[in-house]
Each structure stands twice: as structure tokens, then as C-alpha cells.
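Chain letters run A, B, ... following the sequence lines, proteins first, then strands; residues in each count from 1.
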Protein chains: 2
Amino acid sequence: MASLGDLERSVMSLLWDGGQRLSANEVRDQLDESLAVTTVLTVLSRLEKKGMVHRERSTRPHRYAATASREEHTVEMLNEVLGTVPDREAVLARFIGGVSDSEATALRKILSK
Amino acid sequence: MASLGDLERSVMSLLWDGGQRLSANEVRDQLDESLAVTTVLTVLSRLEKKGMVHRERSTRPHRYAATASREEHTVEMLNEVLGTVPDREAVLARFIGGVSDSEATALRKILSK
DNA sequence: CGGGATTTCTACACATCGTAGAACGTTGGT
DNA sequence: ACCAACGTTCTACGATGTGTAGAAATCCCG
């Protein structure tokens with residue numbers, strides 16, 4: 001459902017990193033890429049329809065912000081992927097078997113809390 | 001890269017679960033859905049191009065098998081998703097914070113090995 | 001009220017996917 | 001050796017998603 005194209009992803013990245021409430025023009029300027037503002041507006045509208053950005057319609061240049069943090073969204077993606085298999089745990093076991101030692105240590109710590 | 005459509009996913013599911021080396025006809029029969037065999041063949045060819053199935057060209061009805069297990073493939077997907085973010089661990093921390101108690105226990109056990 | 005800024009509408013090209021007919025290749029049986 | 005049945009490849013079409021942006025409508029400051 002929430003799969004993104006390249007430009008969509010760039011825009012989300014900006015909203016995620018850069019903080020908050022950008023206008024279409026600001027997005028265009030920060031992506032630079034010499035895009036037409038209408039292009040950016042189209043993309044923002046599509047992202048809004050996908051529920052990934054919130055649009056502030058009250059202000060005059062409308063302002064846009066991500067509805068979920070990058071981490072929240074990514075976790076959702078992970079769960080979506082895991083939802084395609086019959087045995088979550090089998091996949092997780094294999095996944096964890098492949099992580100680096102340092103990451104494994106970090107995971108242990110998180111789980112021990 | 002390896003995103004699948006609905007029919008493609010059904011076919012992969014069959015190859016993953018059902019075990020091994022099915023012919024196009026067998027795939028069609030087991031999916032039933034009254035599909036044309038050519039449809040199944042098209043899908044299998046596309047899956048081959050994506051590197052997800054291996055085709056045995058020596059036998060007369062060609063036979064198809066998944067190149068990776070469902071778990072292997074899904075782990076690849078997980079890593080692909082995690083590759084889109086700058087901070088894997090932040091995402092994993094959040095992910096683990098949201099799993100069920102029983103799953104957390106299972107993960108602890110896997111990590112302690 | 002007029003004109004620049006902003007947003008919405010419409011549109012097109014391109015890729016992917018489900019779908020399958022038409023054409024082509026292969027092979028066993030007579 | 002030939003044909004008929006079966007299997008594979010080629011080609012194609014409609015639907016959907018995405019990048020791209022012009023044209024048209026809307027809005028607000030001065």
C-alpha cells in the first residue's frame with residue numbers, strides 16, 4: 001500500500017529529516033533538481049492521499065508535514081513484509097542470524113529492558 | 001526491486017510451500033483460478049527475469065523452482081526496507097518495542113545462542 | 001479591483017502487472 | 001517422414017502507478 005516512487009521518497013526524506021511544515025516551494029528549493037512547483041504539489045497531493053503527509057490548509061502557502069516519523073513508517077513497512085509470510089518467527093530467526101555482532105548486542109540490550 | 005504483484009506472489013507461494021520443480025501446467029492446476037497456461041508461463045518468465053525462480057530447460061515440460069526459500073527471500077526484503085533508512089538500529093529498536101511478549105522471548109532465545 | 005502567488009485540473013509518457021491469443025517449436029506414434 | 005498434440009515464445013492490450021508539468025481556477029495584497 002505505502003510503496004513509494006523515487007521522487008516521493010525524496011520528498012518524504014526531506015519532511016522526515018528537515019523537521020516540519022514545509023511549503024511546496026521550500027520542498028522544491030531543498031530538493032533543488034529544478035523541478036516545477038506543480039510537480040512537487042502533485043507529489044505532495046499523492047502522498048497526502050496515501051496518508052503519509054498531513055496538509056495544513058488553513059495557512060496560505062499550504063504547509064506539509066510527515067504524519068509518521070521515518071522510524072514509525074519503516075516499522076510499518078517491516079510488519080507489512082512480515083505479514084506476507086505464514087511464519088513470522090522463522091523469518092525473524094533467520095534475519096537475526098544474519099546481523100552483525102554489534103547489532104546483535106544492541107538488540108540483546110533492547111530486549112533485556 | 002523484487003516487489004511482486006498478486007499473481008506473482010501466488011505463484012511464488014506455491015513454489016515455496018508445495019516444494020519443488022513444478023511445470024506451468026501444475027502451477028495452473030494448483031492455483032486453479034481457471035487461468036490460461038500462457039498467463040502462468042508469462043508470470044513464470046517474469047519471475048525468472050527477476051531472479052526469483054530457476055527454470056529447468058532440459059526437461060520437456062520445463063520445470064520451475066524458487067531460487068530462494070520464502071524465509072531467505074523475506075529476510076532480503078527486510079534488509080531492503082532497512083536499507084532505506086539512515087539508522088537501522090533506531091528502526092529495529094522501535095520494531096522490537098512493538099512485538100508481543102512471546103515473540104520477544106523467542107527473540108531473546110535466538111540471540112542468546 | 002488587478003495581478004502575482006498558489007493550488008487544482010488535466011494530461012502525457014513510461015513502467016509494471018494481469019491477462020491471453022497467435023505463432024512457432026518439438027516430439028511421439030503411425 | 002509426417003502429422004497432431006502439447007509446450008513455449010512473441011506480441012499485445014487494458015489497468016494502475018509514477019514523474020513530469022502546462023493550463024486553468026482561485027486567492028489575497030495593495
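Regarding A/L47, its CG atom lies at a distance of 13 Å from the P atom of D/dT20, rounded to whole Å. Spacing between atom CZ of A/R28 and atom P of D/dT20 amounts to 13 Å, rounded to whole angstrom units. Whole-Å rounding puts the A/H62 NE2 to D/dA25 P distance at 19 Å. We find that CG of B/L44 is positioned 14 Å from C1' of C/dC17, with the value rounded to whole Å. Atom CG of B/L41 is separated from atom P of C/dG21 by 13 Å (rounded to the nearest Å). Rounded to whole Å, the distance from CZ on B/R57 to P on C/dG25 is 16 Å. Spacing between atom CD of B/E26 and atom C1' of D/dC6 amounts to 14 Å, rounded to whole angstrom units. Here C/dT16 presents its P atom at 17 Å from CG of A/L4, a figure rounded to the nearest Å.
Salt bridge B/R88/A/E103: present, at least one basic N to carboxylate O contact under 4.0 Å.
Residue A/K50 has its side chain nearest to D/dT18 when only D/dG7, C/dA20, D/dT18 are considered. Closest approach to the A/A36 side chain among C/dA20, C/dT7, D/dA21 is made by D/dA21 (side chain taken as heavy atoms from C-beta onward). Nearest to the side-chain atoms of B/R46 among the listed nucleotides D/dA21, C/dT6, C/dC17 stands C/dC17. Closest to the side chain of B/R60, from the set C/dT26, D/dA23, C/dC9, is C/dT26. Listed candidates were C/dG18, D/dT20, D/dA21. Nearest to the side chain of A/L7 is D/dT20.
Under the 3.5 Å distance criterion, with hydrogens and angles disregarded, a donor-acceptor pair is assigned to the side chains of A/S45 and A/R55.
Comparing A/R9 and B/R63 by the nucleotide of DNA chain D that holds the closest heavy atom to each, the one mapping nearer the 5' end is B/R63. Checking A/L35 against B/S45, the closest nucleotide of DNA chain D that is more toward the 5' end is the one next to B/S45.
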- Item | side chain to side chain donor-acceptor pair (under 3.5 Å) assessment of B/T39 paired with B/R28 | CA-CA 9 Å; B/T39 299; B/R28 198 266 316 270; over 6 Å; no

- Message: Please evaluate residues B/S112 and A/R108 with respect to the criterion side chain to side chain donor-acceptor pair (under 3.5 Å), reporting the C-alpha separation (whole Å), side-chain torsions for both, the decisive distance (0.1 Å), and the verdict.
- Response: CA-CA 8 Å; B/S112 66; A/R108 257 182 238 112; over 6 Å; no

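A donor-acceptor contact under 3.5 angstrom links the side-chain atoms of A/T42 to the base of D/dA21.
For the pair A/R55 and C/dT8, the criterion of a side-chain N or O lying under 4.0 Å from OP1 or OP2 is met. Between A/S3 and D/dT18 there is a side-chain polar atom (N or O) within less than 4.0 angstrom of OP1 or OP2. Using a 4.0 Å cut-off, no side-chain N or O of A/T39 falls inside it from OP1 or OP2 of D/dG19. The phosphate of D/dG17 (OP1 or OP2) has no side-chain N or O of A/K49 nearer than 4.0 angstrom. For D/dG7, one of the phosphate oxygens OP1 or OP2 lies less than 4.0 angstrom from a side-chain nitrogen or oxygen of B/N25.
Taking all atoms of both residues into account, the shortest heavy-atom contact from B/R70 to A/T84 is NH1-O, 3.8 Å.
Screening A/L47, A/V11, A/V43 for a side-chain contact (heavy atoms from CB on, under 4.5 Å) with A/V53, the sole residue that qualifies is A/L47.
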